[in-house]
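Heads up, the thing below is written out as structure tokens.
Residues: numbered from 1 along the sequence shown.
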Amino acid sequence: MTAISKRPNFIVIVADDLGFTDTSAFGGEINTPNLYKLAQRGLRFTDFHTASACSPTRSMLLSGTDNHIAGLGQMREFINRIPEKFADKPGYEGYLNFRIAALPEILKEAGYYNFISGKWHLGFSEEHWPDKRGFHKSFTLIPGAGNHYKYYPKDEDGHLKFMTPIFESDGRKIDPDKEIPDDFYSTDYFTEKFLSFLDSEEREDRPFLGLLTYTAPHWPYQAPQEVIEKYKGVYDDGPRKLRERRLKDAIKLGIIPEGIDPHAVETHKDSAWDDLTPEEQQTEAKIMEIYAAMVEIMDTNIGKVLDRVEELGELDNTFIVFMSDNGAEGMLMEAMATVSQNFQYFISKYYNNAYDNLGNKDSFVWYSEEWAQAATAPYYMYKMWASEGGIRCPLIVSHPDLIPEEDNGGIKDGFVTVMDILPTILELANVKHPAPDFQGRQVATVRGSSWVDYLSHNSDEVHNDDKIIGWELFAQQAIRKGKYKALYIPKPLGSDKWQLFNIRTDPGETTDLADENPEVLAEMINYWSEYVAETGLVEVADVFYDRVKMEYETKRLY
């Protein structure tokens, strides 16, 4: 391990549903100079994996273990749809459970000052809020999504009807009408709170762990018109042309190797761009402009954070992680628990999606599957899929005390996971994980591995070819070992059989090797069975698609 001059600080920044190539550091056209600068003083990772949806990823981030162990074996929104399937099943509590030792809990006992600003989504009840899991200071949005402006639709009697805002501040539920400022914009406000926690006297010169968990660029897409205007005309030629440009630029940067076959675009619910009328195309392009504005605003705010840490003289001693929580969103995931006539009714009743109003506080739009696949290319599909498009995400890591200066601006192509972040931070902080006993309770060991030796050139890999990693959400299943990945996507979205891919030479998952390598597939399925047994995973393919109506069956609302 490289010597660290003093106990380092940690900042983990999580974007919500950000696409793989959205930022300029990864080949995108969106104006993101601060993330580009961060990448130039650190490293970009091209084989970083999360869960395929947000709350499971967040549980893995804070626990260092699998989401099926940490309490989010399925998203709470879906556990509620099939309660008989998950009742009393460990790992399916729907919140960050107490079978794990959370990162801020561990660091708190080691003398760290911990704070979080942004999205929580790891427990709706007050006993599961951030202040109960080791954070000294917190301001969070409790559910998985919310309006980015202070706009809370109410009925004639003044009752909240849709996208109910649930905010907590240091463990206290706040009244959004009275305590959220009228000029609230989520990304700006979360950053302001983060900086206030960083500057708080409560820190008392302690090293810190700060989580900045944005709700951008998660739907509904909303942003100031003056920023949206910057992107006018950029997306007028549609998502497939954007996909071509992104792939070309990512290859130039070395983010994507040359010669990789991108997976073909698939659509399940939306009309293809070429089938839209000129007016519909104009609307779709405007929606993408709003999305781009949200990403730029996030970058601007990240710049404020980096500037403040530098002003404090602590930038060189701060380990910074920037990541997305899953692949780009093509399916309104958190809304699926309410996708129905009611969902459409509330949007049409309480929001104005006229073209000239798009992006304003009372508009509610999201982009199509094709835009999502422009962001995840060359990988297959997007958020909710166990294919690479759903679980391979952008990652930037910076720490001058650890990463050799000659590596700055470089690219790491080794396989890593979100579960690795906790053991990496603990090693840098010189803190041991407390398993099996912590605070009088039995806790799980970590399944991730530290990046410290990998970052400092003491090892050329984090996970060797014997490492087995699994994924499962929404009845989609995947298992990876070495160069092979087996993937199962049930009907109606997939082939309903196990497929086999050489994920190193074919990350686009374009060539199924199952028929020519049946013995390898059988071995991978055996590994899957072991993964199920180790994690307590509850398989739901038999009931999931019969009981949960997927969002692709709904119609667009503009």
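- At a threshold of 4.0 Å, the pair Glu329-Lys383 counts as salt-bridged, since one of the basic side-chain nitrogens sits closer than that to a carboxylate oxygen.
- Asp17 is listed as a side-chain neighbour of Asp325, based on a closest heavy-atom distance under 4.5 Å.
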* Asked: Should Asp16 and Arg58 be marked as a salt bridge (Lys or Arg N to Asp or Glu O under 4.0 Å) after you check the CA-CA gap, both sets of side-chain angles, and the distance that decides it?
  -> CA-CA 11 Å; Asp16 202 351; Arg58 292 159 204 271; 3.7 Å; yes
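- Between Lys412 and Asp47 there is no salt bridge, since no side-chain nitrogen of the basic residue lies less than 4.0 Å from a carboxylate oxygen of the acidic one.
- Here the options are Val365, Asn147, Ile347, the test is side-chain contact (heavy atoms from CB on, under 4.5 Å), and the partner is Pro220; only Asn147 passes.
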* Please test Phe45 against Trp451 for ring pair (Phe, Tyr, Trp, His ring centres under 6.0 Å), starting from the C-alpha separation and ending with a verdict. => CA-CA 12 Å; Phe45 286 67; Trp451 298 336; 5.4 Å; yes
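- With sequence neighbours left out, the salt bridge (charged side-chain N to carboxylate O under 4.0 Å, His left out) criterion links Glu168 to no other residue.
- Residues Val443 and Arg441 are in side-chain contact: their nearest non-hydrogen atoms beyond the backbone lie under 4.5 Å apart.
- By the 6.0 Å and 45° rule, Arg133 stacks over the aromatic ring of Phe98.
- Note on ring orientation: taking the six-membered ring where Trp is involved, the planes of Phe190 and Phe139 are tilted (angle from 30° to 60°).
- Judged by distance alone, the side chain of Asp512 and the main-chain N or O of Leu500 form a donor-acceptor pair under 3.5 Å.
- The residues Lys485 and Glu509 are annotated as salt-bridged, a charged nitrogen and a carboxylate oxygen being separated by less than 4.0 angstrom.
- A heavy-atom distance below 4.5 Å is found between the side chains of Ile166 and Lys173.
- Heavy-atom contacts from other residues, nucleotides or ligands closer than 6.0 Å to CG of Asp437 number more than 12.
- Checking each of Ile11, Val14, Leu395 against Val321 for a side-chain contact (heavy atoms from CB on, under 4.5 Å) leaves exactly one that passes, namely Leu395.
- Applying the side-chain hydrogen bond (donor to acceptor under 3.5 Å, both in side chains) test to pairs two or more places apart or on separate chains, those with a residue in residues 516-526 are Glu523-Tyr527.
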